[in-house]
Amino acid sequence: YWPYSDIRNCNIFIQNAQNPEVCTIDRELADRLTYEARFIRAYLYFEMVKRYGGVPLITIPQEMTDDLYLKRNSTKECFDFIIDELKACAEGLPDSHSAEDLGRVTKGAAKAFLGRVFLFRASPQFNPNNNNEHWQTAYNYNKETLNYLIGQGHALYDDYGKLFLDEMNKEVIFAIRYENPTRTQKRDATVRPITFSMNNTGGNHPTQEVIDRFPTIDGGTYTYADWEKEGKDIFALWENRDKRFYATIVQDSCEYYGELVTMHKTGNLQRCSLGEAPGTAEMGSTNYLWRKGVYINDWRIFVDVPTDYHYVIFRYGRALLNKAEALLCLAKSDPSKLSEAVATFNQTRTVHGGLPESEASTLVEAWKDYKIERHVELPMEGDYYWSLLRWGKYGEEANDGQPSGSEVIKELRTPATFIEISSDRHRMFIGTQGYGNADRTFSKKRYLYPIPQSLINANSAITEKDQNPLW
């Protein structure tokens, strides 16, 4: 991920939009579009920084006569730039847009994004001296942002499943809106099995570990290991779960596209039902599928048919969890913050999950409930891997008692598994996915991506000494 061509496009636009000799559109519109471009550029830089740490900062269009070989800026310099840009966007962007511009970047989107940036900056990943002021800033800003969003009419959407389908509902702060035929996407066609996406399918499917994370409706846990000990019928594994389970997962003997789908041996969506090897791209490889964010149409979309559904980037529920995490980190030195942290993540837990409130009264209990809550609230939203890295760097209560920066992050060392159900539905077993997952490991160097060797070879200002640690 090295999106400097996109960053160059932003730089060209920003420069031209602020040049009255080039830009002849209304000045107010030009300024607003400039803030939108700065927002996008900040997003691109943040996505690089969370992967690599410091990267070269380029803020104007480079010419062939310029020195094109630039050193890596420090991580601090990159965060300072992103933060300053988003603060400017939060000041300059409007609170809302008219119907014809609904979905463009707003003040709320800039503030929600900045709250996420502050959370990452405060992590020991990017705050190795554990400066407590960064945690206080992350908390203060996320709290301020939530109060602002409430004032703009944002709140949790009661129906978790429809949250990702009902465009620009009250929880959505910013989403990529697609409009046929000028801007389209094919995501919906590629997250379904072949019989439901017609000519293509994806390879991203929930594992049994994901299913086990969803609490039972009384707030307890029930895993495959529990089922195996009790010897109940197979359906007990999926009964009485958190409401989000049924909005997120397609499991054996549920309804999907208006028909009964079966994942048992000889079932219509079993992973070998097309007579091919398990785990091929034709059918789900784990005997589970994703339901979250998939539009259920009366017709089945061919892969080459573009669609214009939206994709949520920032939402109120995620901002709540960012605030809760900042509070948990402050509670390490200030126990008075613990109850507010629990009350904050209880909001998504009760409204979206239909669960009783967490009654966690210690930091260990609160982190345990919070980690589960973040996982089941945000799957398929590009969050979990990056959260695991943050928690690994926090260590202790956030990572099962491990020291900060440990190589032991349980979730990143556990093999991915599938479930196999007998044709008579009397038996099940768990198997390990292929592709070397049985030997899954995590090492300290993986807290950051390596700078690609091809980029080091092409840029004389970046040498092997500038590579990330241990790569």
Would you sort out whether Tyr449 and Lys50 count as a side chain to side chain contact (heavy atoms under 4.5 Å, CB included), showing the intermediate values? CA-CA 9 Å; Tyr449 284 17; Lys50 78 179 187 183; over 6 Å; no
Go through the steps for Tyr1 and Leu44 under the test side chain to side chain contact (heavy atoms under 4.5 Å, CB included), then give the verdict. CA-CA 10 Å; Tyr1 184 82; Leu44 295 169; 3.5 Å; yes
Test side-chain hydrogen bond (donor to acceptor under 3.5 Å, both in side chains) on Asp226 and Thr223 and set out the steps. CA-CA 5 Å; Asp226 296 322; Thr223 67; 3.2 Å; yes
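To the nearest 0.5 Å, atom CG of residue Leu355 and atom CG of residue Asp242 are 4.5 Å apart. Taking CD1 of Ile234 as the reference point, atom OG of Ser422 lies at 7.0 Å (rounded to 0.5 Å). The line from CD1 of Ile173 to CE of Met168 is 9.5 Å long, rounded to the nearest 0.5 Å. Note: Met263 CE to Phe418 CZ = 14.0 Å, rounded to the nearest 0.5 Å. Taken to the nearest 0.5 Å, the CG atom of Leu330 stands 5.5 Å off from the CG atom of Asn132. The distance from atom CD of Gln125 to atom CG of Leu448, rounded to the nearest 0.5 Å, is 5.0 Å.
Counted within 6.0 Å of NZ on Lys445, heavy atoms from surrounding residues, nucleotides or ligands total more than 12; the atom is thus considered enclosed. The environment of Lys143 atom NZ is sparse: at most 12 non-hydrogen atoms of other residues, nucleotides or ligands sit within 6.0 angstrom.
Using a 4.5 Å cut-off on side-chain heavy atoms (C-beta onward), Leu86 and Ile83 make no contact. At least one side-chain heavy atom of Met380 sits under 4.5 Å from a side-chain heavy atom of Asn204. Using a 4.5 Å heavy-atom threshold, the side chains of Leu289 and Val261 count as separate. At a threshold of 4.5 Å between non-hydrogen side-chain atoms, the residues Glu420 and Asn287 count as touching. At a threshold of 4.5 Å between non-hydrogen side-chain atoms, the residues Glu167 and Leu102 do not count as touching. Here the side chains of Glu228 and Ile430 are not in contact, with every heavy-atom distance at 4.5 Å or above. The shortest distance between side-chain heavy atoms of Asp159 and Asp166 does not fall below 4.5 Å. Two residues are said to be in side-chain contact when any heavy atoms from C-beta on lie closer than 4.5 Å; Glu411 and His375 fail this criterion.
Looking only at distances, no side-chain donor or acceptor of Ser123 sits under 3.5 Å from a matching main-chain atom of Phe126. With hydrogens and angles disregarded, no donor-acceptor distance shorter than 3.5 Å links the side chain of His154 to the backbone of Leu146. Remark: side-chain polar atoms of Asn268 are paired, donor with acceptor, to backbone N or O of Leu260 under 3.5 angstrom. Lys371 places a side-chain N or O within donor-acceptor distance of the main-chain N or O of Ala398, the cut-off being under 3.5 Å. Distance alone, capped at 3.5 Å, is enough to place a donor-acceptor pair between the Arg318 side chain and the Glu381 backbone. The closest donor-acceptor contact from the side chain of Thr216 to the backbone of Gly220 lies under 3.5 Å.
Checked against Tyr447 for a ring-ring contact (aromatic ring centres under 6.0 Å, His included), the options Tyr394, Tyr52, Phe442 give a single hit: Phe442. Applying the ring-ring contact (aromatic ring centres under 6.0 Å, His included) test between Phe245 and each of Tyr160, Phe214, Tyr288 identifies Phe214 as the sole match. Tested against Glu373 for a side chain to side chain contact (heavy atoms under 4.5 Å, CB included), the candidates Lys368, Arg349, Gln347 yield a single pass: Arg349.
Nearest heavy-atom pair across Val312 and Val172 is CG2-CG2, 4.0 Å. In this structure, Gly392 and Asn399 approach most closely via the heavy-atom pair CA-ND2, 3.9 Å. When all heavy atoms of Cys254 and Arg291 are compared, the closest pair comes out as SG-NH2, 3.3 Å.
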Side chains of residues 111-122: which donor-acceptor partners sit under 3.5 Å, not counting sequence neighbours?
residue, atom, partner, partner atom, Å
Lys111, NZ, Glu144, OE2, 2.9
Arg116, NH2, Ile313, O, 3.3
Arg121, NH2, His134, ND1, 3.2

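Glu209 has no carboxylate O lying under 4.0 Å from a charged side-chain N of Arg213, or vice versa, which leaves the two without a salt bridge.
Between the side chains of Arg51 and Asn468, no donor-acceptor pair is found at a separation under 3.5 Å. Using a 3.5 Å distance cut-off with no hydrogens or angles, the side chains of Gln433 and His205 do not pair a donor with an acceptor. Side chains of Glu365 and Ser361: a donor-acceptor N/O pair is present below 3.5 angstrom, by distance only. Inspection of the Gln453 and Asn457 side chains reveals an N or O donor paired with an N or O acceptor under 3.5 Å. Counted by atom type alone, Thr137 and Asn140 present zero donor-acceptor pairs between their side chains at under 3.5 Å. Residues Asn346 and Thr350 have side chains that never bring a donor and an acceptor to within less than 3.5 angstrom of each other. Counted by atom type alone, Arg41 and Asn9 present zero donor-acceptor pairs between their side chains at under 3.5 Å.
Between Tyr43 and Phe174, a ring centre-to-centre spacing not shorter than 6.0 Å is recorded.
Between Tyr370 and Phe345, the ring planes lie tilted relative to each other; the angle falls in the 30° to 60° range.
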